[in-house]
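Please read the structure below before turning to the comments.
Worth saying up front: this structure is predicted, and the values here are computed from it rather than measured. Within every chain, numbering begins at 1; the chains are lettered A, B, ... in the order of the sequence lines, protein sequences first and strands thereafter.
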Number of protein chains: 2
Amino acid sequence: MTPDRLDHIFSALADPTRRAILARLALGTTSVTELAEPFAMSGPAVTKHLKVLERAGLVIRGREAQWRPCSLDAAPLKEATDWLEHYRRFWEGSFDRLEEYLQDVQKNGEEDV
Amino acid sequence: MTPDRLDHIFSALADPTRRAILARLALGTTSVTELAEPFAMSGPAVTKHLKVLERAGLVIRGREAQWRPCSLDAAPLKEATDWLEHYRRFWEGSFDRLEEYLQDVQKNGEEDV
DNA sequence: TGTTTATTAAACCATAAGGTTATTTAACTA
DNA sequence: TAGTTAAATAACCTTATGGTTTAATAAACA
């Protein structure tokens, strides 16, 4: 995984509208218009959010007549989770931070910064 | 958890310099100068990154003579992970998306969008 | 007291983000 | 063919980001 993939994934998740879009897509594929409906926001604004999600690989777009159905691809969320897992021991407490970190580095290297 | 907390957490994580700073802080508390050392970047730039991390609650700063020791607080990373957990079933495959989503909403509500 | 060291603040710059409205494109429909 | 619907593009605006350099602050040190 290249670092800028994580950049794109995390920055896609940093906006509440985009997180809400993902929550809607978790229900299933839908059109841009239906995605835009709950938001006090113009269509083009939603199109832009979808482009950000697409760049992060979180949304896949199809073609069906004049609609562009959007669906969720959660694979990048797994990448984000995998990165966060490196830090789990820090919020679970009771450990020797330095020692565990060094063990981890020895095992995995630091390619996933 | 308020939505804008997630905004701050995810946008803090969206920059490779900041992720590298977190990786360094996983080794233990250190000074701003030492944090800045690996980067081809001015001191003030690093100070700004630290402010972003601080706003997200990921970095805690102390005071020791003329140094401001920085240390990691991973609690917000748990919040991010908790949010991502909602989507785990989507990357683990083999499920009825709609059904599981509705179960989840029924259990937890949607306060964590 | 004067100087060095660590860090922040201020002012500035270029580009990106998030929004708008108006226009275009593409496909269905009467 | 003309009109409607769905979505994207273009042009624009405002604010945020990520960086710079120069100056200010705060504490240690000679």
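What separates CG of A/Leu13 from P of C/dA17 is a distance of 14 Å, to the nearest Å. Rounded to whole angstrom, the span from the CD atom of B/Glu37 across to the P atom of C/dA6 amounts to 13 Å. Straight-line distance from the NE2 atom of B/His8 to the P atom of C/dA17: 17 Å, rounded to whole Å. For B/Glu34 and C/dT5, the CD to P distance is 17 Å, given to the nearest whole Å.
Between A/Thr17 and B/Thr30, the residue anchored nearer the 5' end of DNA chain C, judged by the nucleotide with its closest heavy atom, is B/Thr30. If B/Ser31 and A/Ser11 are placed on DNA chain C by their nearest nucleotide, the residue sitting closer to the 5' end is B/Ser31.
A/Arg63 places no side-chain N or O within 3.5 Å of a backbone atom of A/Arg68 that could act as its donor or acceptor partner.
Aromatic ring orientation, A/Phe10 versus B/Phe10: parallel (interplanar angle below 30°, classes split at 30° and 60°).
Between chain B and DNA chain D, the heavy-atom contact criterion of under 4.0 Å yields a 5' to 3' nucleotide range of D/dT17 to D/dA28.
Sorted by first and then second residue, the ring-ring contact (aromatic ring centres under 6.0 Å, His included) pairs involving residues 17-76 of chain B (not counting sequence neighbours) form an empty list. Within the structure, salt bridge (Lys or Arg N to Asp or Glu O under 4.0 Å) pairs that include any residue of residues 29-51 of chain A comprise A/Arg24-A/Glu34 (at least two apart or interchain).
To the nearest 0.5 Å, the span separating OG1 on A/Thr17 from CG on A/Leu22 amounts to 11.0 Å. If you take CD on B/Glu79 and CZ on B/Arg5, they are separated by 4.0 Å, rounding to the nearest 0.5 Å. For the atom pair B/Asp15 CG and A/Asp4 CG, the distance stands at 11.5 Å (nearest 0.5 Å). Rounding to the nearest 0.5 Å gives a distance of 10.5 Å between CG of B/Leu77 and CD of A/Glu85.
Look at B/Arg89 and B/Glu92 and you find no salt bridge, because none of the NZ, NE, NH1 or NH2 atoms lies under 4.0 Å from a carboxylate O. By the 4.0 Å N-to-carboxylate-O rule, B/Asp82 lies close enough to B/Lys78 to be salt-bridged with it.
Qualifying side chain to side chain donor-acceptor pair (under 3.5 Å) partners for B/Arg55, counting only residues two or more places apart in sequence or in other chains: none.
If you check residues 41-53 of chain B against DNA chain D, the residues with a heavy atom closer than 4.0 Å are B/Met41, B/Ser42, B/Pro44, B/Ala45, B/Lys48, B/His49, listed by number.
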Check the interface with nucleotides 25-30 of chain C: list each N/O to N/O pair with the protein under 3.5 Å, or write none.
none

